[in-house]
2 protein chains.
Amino acid sequence: MARRKISHEPVSCFACQNRQRSEWCVLTENELSRFDKAKSIRHYKPGEFIYHEGDACQGIHCLEDGLVALRKYNVDGQSTLLGLANPGRTLGYRSLLSGSPHVTSAEVIKPSRVCFIDRAVIRELLDHNPALGYQFLRRASKDLGRAAVLYHQGQTLSVRDRFIHLLLVLRGKYGALDKAGALTIELPLSRQDLAALIGTRPETLARTIRQLEDDGEAHFEGRLIHIAEPETLFAGLGLES
Amino acid sequence: MARRKISHEPVSCFACQNRQRSEWCVLTENELSRFDKAKSIRHYKPGEFIYHEGDACQGIHCLEDGLVALRKYNVDGQSTLLGLANPGRTLGYRSLLSGSPHVTSAEVIKPSRVCFIDRAVIRELLDHNPALGYQFLRRASKDLGRAAVLYHQGQTLSVRDRFIHLLLVLRGKYGALDKAGALTIELPLSRQDLAALIGTRPETLARTIRQLEDDGEAHFEGRLIHIAEPETLFAGLGLES
DNA sequence: CGCCAGGTTGATTTCGCTCAAGCAATGTGG
DNA sequence: CCACATTGCTTGAGCGAAATCAACCTGGCG
């Protein structure tokens, strides 16, 4: 599959494809220039951490390209995946704005290019341009809604249903329909991470996958999933936006 | 205990005790006056709803006095309690700011006095006074952190540990230490709601309580809990801010 | 009084976790 | 190139925590 190479050329914020779809779309030319000068770019390999749970927040990270997992560890080393970050996503804003340490660790899943901007610069921009704060406010509000739904699902749904729901979500970014209406999803994650994402263990997920195969609901090979009748599979869930 | 009567006298926002500790502390005199004129006060009895999950957001509610539960229902009518709101708390800001429907229902637990302010007025104030947006931003960031911790705990802790953790939280608002260092908590909730708050069923909670009694960790009578050695009980948890 | 909701307790079941083993793919060093 | 470790995934067996189902008790209230 399209294992696209990540360019190591430094990209100006002005040219950044993600900017329009991110919180930074409200910055003026001047502000963007300030932002651009202050940023530093770094490349991460899978398994590396951008920041760790408990760290004080130094600033904000923008994921330009790649994939990052937001993970939280147990005392026993057991981990839960709180979410995934795709290109364009701003990381660490929660910690910066609340003034408390990071509650999750940001672990790189696919090779990633990440920009870092110091907290002082962000504060300056926030003080200067209220629209930026408003962007983050909308962003935080949406995240908060997602968190509530996630929590509730974790409490009330079975592993099977949580997994199906996860596929529903991943379909958006990683799914493709063929002409017959069948769905193919290329998972960006290992089984372990899929399990962590729905708060279960790899063994249980393997069994759940087995069950879906046996029921004829879906076909799994490696990180590819084929679902002949997606609508049927996704029907049994409380529909969500 | 202090079953204090709630006054039905309309209170000016200028005189509101909660204002200093809320997001509204940054309003100017003029703005506060605008706010005060726009507000309407309503009294709710236990069991009444301030808004329902799925409703579009009409505006913001301020809880002046009383207690409100943020609840989310399952398809089967099973509910989870996402959190409690104490006096001074602003309700519904998430929905307003994200522009999406309420994700939870706000159900009154104790008789409550609630102010309502139309969304248009809030927007006006937000446009006018960036500091207000910043207040909500901090608030949302903190809520988001709490949500992450809550989710993770729900996934990894046993019912017993989640319950003890809940007591730790409730201690802050509803606990009192005597001279011997023993802790008494007066729970503001029914057993059912306590169960919903930690994502379990009433039967399981009853058994957990029984177990804590048998272990001599705590003594329960009705909504009163006596804990002789709070430090011992709370010791076995990963400490959280 | 009877009714009912909330709470407790008991019996049983089930879902998911733990522990353990096996297997395939990948890497590594001699 | 082979022996070997390593890592990720799957499967099996057994166990345990919590859910479910059901009965019963209690206190409040019409």
Side-chain angles (χ1 to χ4, degrees), chain A residues 3 45-47 69 71 74-81 107 109-110 152-166 187-215 218-225 236, chain B residues 3 45-47 69 71 74-81 107 109-110 152-166 187-215 218-225 236:
Chain A
R3 181 148 294 294
K45 288 192 285 290
R71 211 185 282 273
N74 212 0
V75 268
D76 332 323
Q78 186 185 142
S79 79
T80 305
L81 254 178
E107 181 185 339
I109 301 282
K110 289 182 180 175
H152 185 244
Q153 287 182 350
Q155 297 289 4
T156 59
L157 298 185
S158 66
V159 167
R160 188 179 202 263
D161 284 353
R162 274 182 277 159
F163 183 55
I164 294 175
H165 191 95
L166 175 62
L187 299 172
L189 298 171
S190 68
R191 301 287 148 125
Q192 303 196 50
D193 283 343
L194 287 175
L197 207 41
I198 57 174
T200 188
R201 333 244 76 226
E203 299 96 316
T204 303
L205 180 62
R207 281 182 247 274
T208 305
I209 286 176
R210 192 89 203 334
Q211 197 195 343
L212 288 174
E213 286 263 5
D214 292 349
D215 294 353
H219 178 62
F220 295 78
E221 48 183 302
R223 292 190 174 190
L224 283 181
I225 310 180
Chain B
R3 179 149 297 290
K45 289 192 285 290
R71 210 186 281 275
N74 213 359
V75 269
D76 332 323
Q78 186 184 143
S79 80
T80 306
L81 255 178
E107 182 185 339
I109 301 282
K110 289 182 181 173
H152 186 243
Q153 286 183 351
Q155 298 289 2
T156 59
L157 298 185
S158 66
V159 166
R160 187 178 201 265
D161 285 351
R162 273 181 278 158
F163 183 55
I164 294 175
H165 191 94
L166 175 62
L187 299 172
L189 297 171
S190 67
R191 302 285 148 125
Q192 302 196 54
D193 283 343
L194 286 175
L197 207 42
I198 57 174
T200 186
R201 333 244 75 228
E203 299 97 314
T204 304
L205 180 62
R207 280 182 247 275
T208 305
I209 286 177
R210 192 92 206 331
Q211 197 195 343
L212 288 173
E213 286 263 6
D214 292 349
D215 294 354
H219 178 62
F220 296 78
E221 50 182 301
R223 291 189 174 190
L224 283 181
I225 309 181

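In this text, all values refer to a predicted model and were calculated from it rather than measured experimentally. Proteins come first, then strands; the chains are lettered A, B, ... in the order of their sequence lines, and each starts at number 1. Side-chain atoms are counted along with the backbone in the values below, which use heavy atoms only and exclude waters and symmetry mates.
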### Query
Is any side-chain heavy atom of B/Arg162 closer than 4.5 Å to a side-chain heavy atom of B/Leu197?
no

*Quick one: is A/Thr204 getting a side-chain N or O under 4.0 Å of the C/dC17 phosphate, OP1 or OP2?*
yes

Is there a side-chain contact between B/Pro46 and B/Lys110 (heavy atoms, below 4.5 Å)? no

Taking D/dA13, D/dC9, C/dG16 as options, the one with an atom nearest any side-chain atom of A/Arg191 is D/dC9

Partner of A/Gln211 under side-chain contact (heavy atoms from CB on, under 4.5 Å), picked from A/Asp215, A/Asp214, A/Ile209, is A/Asp215

Is there a side-chain contact between B/Ser158 and the phosphate of D/dA17, meaning an N or O under 4.0 Å from OP1 or OP2?
no

note: B/Ile209, atom CD1; D/dA18, atom C1'; distance rounded to Å ~ 15 Å

Checking D/dT11, C/dG16, D/dA19 against the side chain of B/Thr200 (C-beta onward), the nearest is D/dA19

B/Arg207 CZ to D/dA22 C1', in whole Å, measures 11 Å

From the list B/Ile198, B/Thr80, B/Asn74, side-chain contact (heavy atoms from CB on, under 4.5 Å) with A/Gln155 holds only for B/Thr80

C/dT18 phosphate, OP1 or OP2, under 4.0 Å from A/Arg201 side-chain N/O
yes

Atom CD of A/Gln211 and atom P of D/dT10 are separated, to the nearest Å, by 14 Å

Here the distance between atom C1' of D/dC25 and atom CD of B/Glu203, to the nearest Å, is 15 Å

Between CG of A/Leu194 and P of D/dC9 the distance, given in whole Å, is 8 Å

A/Arg223 CZ to C/dA25 C1', in whole Å, measures 13 Å

- Query: Side-chain N or O of A/Arg210 less than 4.0 angstrom from OP1 or OP2 on D/dT11?
  - Reply: yes

